[in-house]
Peer 1: 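Once you've had a glance at the structure underneath, I'll fire off some questions.
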Amino acid sequence: MTDWSQKYEMVVGLEVHVQLKTRSKMFCGCSADFGAPPNVNTCPVCLALPGALPVINAEAVRLALRAAIALDFTINLQSVFARKNYFYPDLPKGYQISQYDEPIAVRGTLRVRTPGETATHDIAITRLHMEEDAGKSVHDRYPRKTAIDLNRAGVPLIEIVSEPDIRSAAEAGAYLRTLKQILEYAGVSDVSMEEGSLRVDANVSARLHGATELGTKTEVKNVNSFSAVERSLQREFERQCAMLDRGEVVRQETMIWDASRGTVRPARSKEESHDYRYFPDPDLPPLILDPDYVARLRHTLPEMPRQLRQRFATEFGLNDAELDAVTAESSLAAYFEGVARAHGDANAAAKWMMGELAAALNETGTGIRDFPVRAPQLAELLDMVRDGKLSHTAAKGVFATMRSSGKSAPVVAAEMAVTQVGDDSQIEQWIEEVFAELPAETSRFRAGEKKLTGVLVGAVMKKSKGRADPKKVNALLSKVAG
Amino acid sequence: MAVTETDIRKIADLARLSLGDEEVPAMTAQLNSILAHMDVLTRVDTASGTEAGSDAITSAIALARDVKSAGAPLRGDAVAPFPMNATAPMLAPDSEDGFILVPRLSTHEDV
Amino acid sequence: MRNIIDMTNDAAVRAADPQFGRDGLNIVVATNHESSLANAERVALAYGRGDAMSLPGMAIAVKDNIATLDMPTTCGSRILSGYVSPYEATAITRLRAQGAVVVAKTNMDEFAMGSSTETSAYGPTRNPVDPARSPGGSSGGSAAAVAAGITEIALGSETGGSVRQPAAFCGVVGVKPTYGRISRFGLVAFGSSLDQIGVFARSVRNAAIATYAMAGGDLNDSTCADVPVPTTPEPVEAYRGRTLDGVTIGIPTEYFPPSLDADVRARCDVAIEVLRGLGAKIVDVSLPHTELAIPVYYIIAPAEASSNLARFDGVRYGPRAADVSDLREMYQATRSRGFGAEVKRRILIGTYVLSHGYYDAYYKKAQSVRALITRDFDAVFASGVDALFTPTTPTPAFKIGAVTDPYEMYMSDIFTVTANLSGIPAISLPIGRVGGLPIGGQIMTRHFDEPRMFHVAAALEAALGGEAHA
Ligand SMILES: [Mg+2]
Ligand SMILES: [Zn+2]
């Protein structure tokens, strides 16, 4: 495949829809939860019954502001909800209430580091606005009919629109991962692409390097993971470059990502002539924010990943890889800090989290919030390892049992009888027994053949069923040898 | 500004109203005659000191707002749906298993 | 207690009388005798228990665009044929809490789009004063219900004069409260920034009681103001016989153009003299942007309507066109068959003025001019004028079918739309008859100054006495 990036530059802008973590919907008191039977979470407002009117959810506003503050946006103290008019059966009112020319926040930035690169790139974000979600259309359940579920209709969203500042598929991926991380830290959303609480539409165009004008863009849709965003952008970029190289004109259209084939294809549906006829929603006066309230929100925002990373680096002396791992999510960072503080050895805590803990989370698919071994309990386990009460190998077994039983490390270690023996007289006794069983090796060892240390330590460990503290065994053997 | 028959067809399409070919000329004429009365507005100077855009749009609301000295009222995030004595599927002309059913769009895209 | 049930029963029987139905004056489009009586019994019980009520056992008729649980709410449209709302309008709930009982839903112009009640899918309502004439509109059914004596009080809705104009045509009192005074929750939207539930009554007093019964903040309507509501009926009682000493009443010259019907002008002149005689200081004032009100209104109201009426798509409720091959056809067939000509016309105008390339020239411009109209009122009220007196309509009731040009019909709202555009309260009351046809006089006051409006209206009503209906 041609490496088009030598000749052409990829230009990407991303539109990200994020579902806010509220209990009720954006404009009515219906539950915003997923998983209810179809159309159960509906009321006159979100069904758009004649005469029903919207009322703004304060918590949605609070969460949108938190997101905006976390992303360094300028907050508009007055913003306006507008109607975006179009017909679709999962859009009950025939319009979506969204913000248009006066959004709640403008001009944000996101500092992004693309993997493999050392420099960071500040991506400008045009706007962050509040809007409501549409319902769900199910096309394949009934013959010739579309089934509508309006449980999701009216769920609060923020839409975050970047400038066309992204220059590669990998950078798009980095932007999304960083954005997700910040929103997760700000506590505004579950930010899960799998569960649909984060959705991405990508606008992509290609132009010759050095060109200042933007090329014709296409919109890539139906992408449901960050890596799929990267792959689909790359495919679409290649398609456009090939066209430009043949002297063809790129058409502005919507492209569908086909994940199973790893290809993009034009959307089959004929392009509607969109004219959304935006106008301010007369049912909703402007949203006017109290500057003191915004200032208070600014102060209550938790530490963002960048600050936290810096603090962990200075306070705990972690390296980049460790910092990446323990600050990936705010809950993970809090967990790490809990373990590191209780245990004292931050490096040991980070290693355990990157190794055993990461594997355990991966295996069960649970998040750290639901992980049964809490930070103080893990710290206790690490304490035992440091104090020579458990070998690293034994500690892994204890950790596994702690996960299933919920019991503490000392209890599990005792029950499993794996507590490391550091008692000199016991170890000396095992050594004596080994000396008796392996007279030849013992005499050569006593004669100064140091390479036999390993054999003898192994034998002692075996005799102790792994419970002897190998450091102690080593030390006592050297005494004999010395 | 005169409205053409093409405009009328486009607008009718946007509004999901179908106009018969025979209706289009009459509707075009009516709209033009009504809109001609609106052209008087173009001669009004609204540039100086008039609140334009959303402020003016909600002028009536804004007056109510002045009394309350704040913008849109906000509601708390409680799950408290307005009660109804019928469910969504009961109201819908066609429904099954709790879903509201509609004819599928012929140009529907499976995504 | 017996009395409350009897009163309701009598009204329910009147409401169901064929002379007021489709083959007669076509005032009433739905009744539910059983439910009305059940509600009356509940009121009687509560009243007997000693619950405080301002309208115990008061039978009311309700315009067909206000959501009620026990009778259909169809907005005079085929697109809502048979639709019964599963929830109730805040205004209705509040009236019921004060002891009122709904006995009928009344005819109206389809989706309140009209000034004659001729655009209804149920056919035109006839004016009880003269069945050859229109009762006005769009709340013609409710105005006629009070004029015909079916109920003492009826609810209408206003977007551009749809209560005051039919009140004037039918010779009853009609109130449009301040925008935001009464919750719109449950009022089917036409032009959301203009819509307001209004009241018809035979007397200013009853109109005030009903207005106050519904007024006050509502957490289900973001545009409803939490402004203190006068308690009833005391302030209303206090208006009786009170003079207008110290009250300045402005007469806006723009509302008395040379083209004004001579009879209307004559009755207004009498009323102004009566007001002066009551002690009011009468001053000439100017509201220079008045002539722009109709163009502004007929951009803003259809624009909002085109969006508000998008929900009538056959998906979630109401009848749906069945003989269609796909979704798009379903939308078009349902909407084209469901809406009448005037509604379609306004949806098209509204869609046009909001569409790409025209928004600034029409919609945005109209909003700017709307601000100028509001500013006219602000300036006059700031100059010390407490109330304005004008004719309600340029002419008395016209004959059914007489007005065929849409714009000519729109012009019958010329004196009323300004209050909707600026949000101020306004009342129309009978100030006499000419050739048997009622003439209405209008009083407008500052935002939320309904007490002053009712005071002036009650004083004028009392001073005119039998003259108002002669
Ligand atoms: Mg959006
Ligand atoms: Zn709801």
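So you know, we letter chains A, B, ... as the sequences are listed, proteins then strands, and number each from 1. Computed from a predicted structure; not experimentally measured. Keep in mind that the numbers below use all heavy atoms, side chains included, and drop hydrogens, waters and symmetry copies.
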Peer 1: What's the shortest heavy-atom distance between B:R104 and A:H139, and which atoms?
Peer 2: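 The answer is NH2-O, 2.6 Å.
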
Peer 1: Ignoring hydrogens, what is the shortest heavy-atom contact between A:N39 and B:G98? Give both atom names and the distance.
Peer 2: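 Scanning both residues, the minimum pair turns out to be ND2-O, 2.6 Å.
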
Peer 1: Kindly write out the residues that satisfy ring-ring contact (aromatic ring centres under 6.0 Å, His included) with A:Y86, not counting sequence neighbours, or none if the list is empty.
Peer 2: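 Checked A:Y86 against ring-ring contact (aromatic ring centres under 6.0 Å, His included); matches are A:Y276.
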
Peer 1: Given a strict heavy-atom distance threshold of 4.5 Å, which part of B:A88 is in contact with chain A: side chain, backbone, both, or neither?
Peer 2: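 Looking at B:A88, backbone and side chain both touch chain A.
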
Peer 1: By the salt bridge (Lys or Arg N to Asp or Glu O under 4.0 Å) test, which pairs, at least two apart or in different chains, include something from residues 77-87 of chain A?
Peer 2: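 Found A:R83-A:D281, A:R83-A:D283.
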
Peer 1: Counting only heavy atoms not in A:K136 (residues, nucleotides, ligands), do more than 12 fall under 6.0 Å from its NZ?
Peer 2: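 No, NZ of A:K136 has 12 or fewer neighbouring heavy atoms, counting only those of other groups under 6.0 Å.
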
Peer 1: B:D94 vs A:K145, test: salt bridge (Lys or Arg N to Asp or Glu O under 4.0 Å). Steps then yes/no.
Peer 2: CA-CA 10 Å; B:D94 190 6; A:K145 285 180 180 176; 2.8 Å; yes

Peer 1: Give a yes-or-no answer on whether the side chains of A:Y142 and B:D97 include a donor-acceptor pair shorter than 3.5 Å.
Peer 2: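 Per modelled atom types, A:Y142 and B:D97 side chains form a pair under 3.5 Å.
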
Peer 1: If I measure from the heavy atoms of chain B, does A:R141 come under 4.5 Å with its side chain, its backbone, both, or neither?
Peer 2: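 Only the side chain of A:R141 comes within 4.5 Å of chain B.
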
Peer 1: Determine which residues belonging to residues 48-58 of chain A lie within contact range of chain B, meaning some heavy atom pair is under 4.5 Å apart, and list them by number or answer 'none'.
Peer 2: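 Listed by number, the contacting residues are A:L49, A:V55, A:I56, A:N57, A:A58.
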
Peer 1: Filter on salt bridge (Lys or Arg N to Asp or Glu O under 4.0 Å), then keep only pairs touching residues 19-33 of chain B, sequence neighbours left out; what's left?
Peer 2: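 Qualifying pairs: B:R9-B:D21.
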
Peer 1: Please classify the contact between A:F81 and chain B as side chain, backbone, both or neither, with a heavy-atom cut-off of under 4.5 Å.
Peer 2: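 For A:F81, neither part sits under 4.5 Å from chain B.
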
Peer 1: Is B:A92 in contact with chain A via its backbone, its side chain, both, or neither, using a 4.5 Å heavy-atom distance?
Peer 2: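 Looking at B:A92, nothing touches chain A.
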
Peer 1: Which one wins on heavy-atom pair count under 4.5 Å against chain B: A:R277, A:K221, A:E59?
Peer 2: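 Most pairs with chain B among the choices: A:R277.
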
Peer 1: Per the side-chain contact (heavy atoms from CB on, under 4.5 Å) rule, which among A:I148, A:T42, A:D90 passes with B:I100?
Peer 2: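 For B:I100, the side-chain contact (heavy atoms from CB on, under 4.5 Å) check succeeds only for A:I148.
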
Peer 1: With a cut-off of 6.0 Å (strictly less than), are more than 12 heavy atoms of other residues, nucleotides or ligands near CZ of A:F87?
Peer 2: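 Atom CZ in A:F87 is packed in, count exceeds 12.
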
Peer 1: Would you mind telling me which of A:P44, A:G135, A:C30, A:S31 has the largest number of heavy-atom pairs within less than 4.5 Å of chain B?
Peer 2: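 Max contact count across the listed options: A:P44.
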
Peer 1: If you look at every heavy atom in A:P285 and B:G71, which pair is closest and at what distance?
Peer 2: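 Closest heavy-atom pair between A:P285 and B:G71: CB-C, 4.3 Å.
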
Peer 1: Which answer fits A:V45, side chain, backbone, both or neither, if we ask what part of it has an atom under 4.5 Å from a heavy atom of chain B?
Peer 2: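 No part of it gets close to chain B.
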
Peer 1: Please classify the contact of A:R144 with chain B as side chain, backbone, both or neither, using a heavy-atom distance under 4.5 Å.
Peer 2: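 Interface part for A:R144: backbone (N, CA, C, O).
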
Peer 1: Could you tell me the separation between the CG atom of A:D275 and the NZ atom of B:K10, rounded to the nearest 0.5 Å?
Peer 2: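 Answer for the CG-NZ pair, A:D275 versus B:K10, is 5.0 Å.
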
Peer 1: Can you tell me if B:D77 uses its side chain to pair, donor with acceptor, with the backbone of A:S24 under 3.5 Å?
Peer 2: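 Checked: pair present.
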
